[in-house]
Each structure stands twice: as structure tokens, then as C-alpha cells.
Amino acid sequence: MIKLLIQPQDGIAALVSAIKKAKTSIDVVIFRFDRAEIETALMHAVRRGVAVSALIAYANRGGEKQLRKLEMRLLDAGVKVSRTPAKLVRYHNKMMIVDRQVLFVLSFNFTHLDIDHSRAFGIVTRKPKLVQEALKLFAADSRRKTYKAGLDTFIVSPVNARKQLGAFIHQAKKELLIYDPSISDTNMAKVLVARAADGVKIRIIGAMSRKNPHIDVRRLNGLRLHTRTIICDRREAFVGSQSLRALELDERRELGVIVRGARTVGKLVDTFEADWSAKEMSENPEATAKELKKAVKSAATELTHLSPIVKQAVTEVVEKTGGEDLDPKEVQESIQKAVKEAVRERVQEIMNEAGDAA
């Protein structure tokens, strides 16, 4: 009943396939988005009579224009669009529910950078309790109502994440394997130090502000780190979007799940061990800058969300002239302007995203 998605290996195939197979409904939460394949699949689903609802972040660092344009394109296609509440510092939750039966909880955004160039995971499950809790969260946030946690394995910031993740770490008896770009919360760090003092072996891929001789920490080599994952005693695992830092536990909407299952947890362990064994990334600032440039250039080259933008530019020219006596030069100039603006905005967003680990 549980499937693990591992990025960058698995790509978007499972997501697109689920959207194409949807029969009645799709509920999707979006923080960052540049995958035309997913956008097209959602639009085709509407044409098949599927009720598609999108909850889109009111803001992200450097990408607000793209979010607003995405909202308009989805609205034009018949998608029901809601915007997340502005009262939270950031709405960072990534999930999708298909036919009210299949839940995708993702640590990655719907972007090239996250899916093709980052280590990230996703959990796909049909477990009724998790699906129902996700539907409850989606409905509450879409209607800007208060969400009350009802399931200990469904981890929502700022509602129950601090309590449940603290308890999850505390229960470790032998080992904790952790992916986290930024462990800095004082209380969570104390829990980790206490477990290490009790003999629990702790290894972290990412960073921890409070160094401890009994906790091994190293960087991820070759990929950008964009998952928050905790594997407890090789029996259970948390996969989600919230780091162990105060902002993500207490002030932002973040989401994760705790799962069991030998196959799923085993794959997470195998991936961690492979990443841990890889040669550590050079601390040379020039080398790090080159890696970032490479990722940005690659992501920009793969920019595939232009087709809806081109279509919108042509539509605007047609509306302006009434569809009569179209000037090919005017059409060409409008398309060039739209594409140029889209590329500029997306490259800037990629730069912000790469440095933001969001």
C-alpha cells in the first residue's frame, strides 16, 4: 500500500500516470512549478470531466509572478484554484490526492531543479487514514479554516510536527539516519544529542548547527539536497518537507508522513548508504559555485513550461485584432517578448530556489 519515489531516478512518470488515470478528482498543492507535462496532464484531466482543484502558494521566494500566471492558465482550463492563507510565513506543503484514494506526499516541488537535480523522496499510499487526513488538510487550507491534527503519523507544521518528530527521534534505540539541509532547532538538537549519549548511532547528510563528537555529519555529493527524511532503527521512516529548525516546525505549513514497511524503508536505507559512501563535496567555494551554475544552466535549458505562455501570447494578439488581418510580425514579436520574459523570470526563480533549499 506504500510506494517510494526516489529523485532524480524516478522523475515525473508516476505523477503524470496518476493524473492520466484519474477518474473523478485531483487535489494538488503547489509551491513551485515549471513542469509542462504535469500542467498539460491536469488540463487534459479537466477535459475528461475530472474535477481538478489546485491550492497554490500565495508566495514563494522569487516566483510569485510565475505562480499568478499559472493560476490564470489553470483557471482558463477549468481548474478550481484556491490560494493558500497569507497568515503563515510560508506554505511549503507539497502533495496530490487522486480520486480521494491515492495520496502523494512529496519532499520535492514540481520543478526540474527538484526532480532532475536533487535528492528527494515521495511517498505514495492508499492507506485510508492517511488519505482522509490529507483531504481534511486540503479542505481546511483551501477554505482558510483551522486544521486540527487527527493522526500521529500525518505530520503537519505548525500543528503537530514538533511533538511528533520529537517523539519519533526519542524512540530510536540503535540508529538514526537523517537527511536534513539545516538542523538548527535548539530543542531538537538536544534530543539528538541525548539519543547519541545513550548510544544511538546518528548519521546526518546535510548540516547541523550544533556540532557533537558523537554525531557524524557530512554533505551530500553530486546532488542538491531537497528532502527531509529520518530513518529510525531501519524500521520506520519520516519523509516530508520540514527541517528540524524552528521556522519550519512552528511558523510554516509543512507536511510529512511516518511510514513502515521493509521494502520502503529498505530502499531509503540503501539510498542513504550510497549517498553517505559517495566522496564528500569539495569545500572549495569556486567548485561549489560551478556546481550551482551547472544546475541552473541545465534547469534553464530544460525549461518546458513555455508552450502555455506561447499560446497565451498568440491568444492576446488574436483578441487584440479580433482575429482579422493578423500581422505575422506582430505575432512573432509578441511570442518572443513572452518567451524572453518567462525565461528571465524562471532563471531568477531557479537561482533563488537553488540557494533557498525550498
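The first residue in the sequence is number 1, and the count goes up from there.
- Annotation for Gly150 and Glu133: closest pair N-OE2, 2.8 Å, computed over non-hydrogen atoms.
- Contact record, Leu67 with Ala59: CD1-C, 4.1 Å, taken as the closest heavy-atom pair.
- Put simply, the side chain of Lys173 gets close to the backbone of Gln171: a donor and an acceptor are under 3.5 Å apart.
- Atom NZ of Lys267 sits about 6.5 Å away from atom CG of Leu4, to the nearest 0.5 Å.
- Annotation for Asp141 and Pro85: closest pair O-CD, 3.8 Å, computed over non-hydrogen atoms.
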Which is it for Ile56 and Arg83 under the side-chain contact (heavy atoms from CB on, under 4.5 Å) test, yes or no, and what are the steps along the way?
-> CA-CA 5 Å; Ile56 300 179; Arg83 194 174 296 176; 5.7 Å; no
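- Between the side chain of Asn160 and the backbone N or O of Ile155 there is no donor-acceptor pair closer than 3.5 Å.
- With hydrogens and angles disregarded, a donor-acceptor distance shorter than 3.5 Å links the side chain of Ser241 to the backbone of Leu255.
- Residues Arg245 and Ser184 bring no donor and acceptor atom of their side chains to less than 3.5 Å of each other.
- For the side-chain contact (heavy atoms from CB on, under 4.5 Å) with Ile178, the qualifying choice from Ile169, Ile231, Ile183 is Ile183, the only one to do so.
- For the pair Arg263 (side chain) and Ile2 (backbone), a donor-acceptor distance under 3.5 Å is absent.
- With sequence neighbours excluded, no residue satisfies side chain to side chain donor-acceptor pair (under 3.5 Å) with Asp233.
- Contact check for Tyr179 versus Ser107: no side-chain heavy atoms found under the 4.5 Å cut-off.
- Judged by distance alone, the side chain of Asp275 and the main-chain N or O of Leu220 form no donor-acceptor pair under 3.5 Å.
- Side-chain atoms of Lys136 come within 3.5 Å of backbone N or O of Lys148 as a donor-acceptor pair.
- Gln242 and Arg253 share no donor-acceptor pair across their side chains, judged by distance under 3.5 Å alone.
- Side-chain contact annotation: Ser243 with Arg228, donor-acceptor N/O pair under 3.5 Å present.
- The main-chain N or O of Met1 is found under 3.5 Å from a side-chain atom of Thr125 such that the two form a donor-acceptor pair.
- Shown are Arg195, Arg203, Lys201, Arg235; of these, the salt bridge (Lys or Arg N to Asp or Glu O under 4.0 Å) with Glu175 is made only by Arg203.
- Of the possible polar contacts, none joining the Thr229 side chain to the Val239 backbone as a donor-acceptor pair under 3.5 Å is found.
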Assess whether ring pair (Phe, Tyr, Trp, His ring centres under 6.0 Å) is satisfied between His92 and Phe31, documenting all intermediate values.
-> CA-CA 6 Å; His92 196 228; Phe31 178 68; 5.1 Å; yes
Walk me through it: do Thr111 and Phe33 pass the test side-chain contact (heavy atoms from CB on, under 4.5 Å)?
-> CA-CA 5 Å; Thr111 66; Phe33 192 102; 5.5 Å; no
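- Here the straight-line distance linking atom CG of Leu192 with atom CG of Asp180 works out to 9.0 Å at 0.5 Å rounding.
- Annotation: side chain of Arg162 is in contact with side chain of Met188 (closest heavy-atom distance under 4.5 Å).
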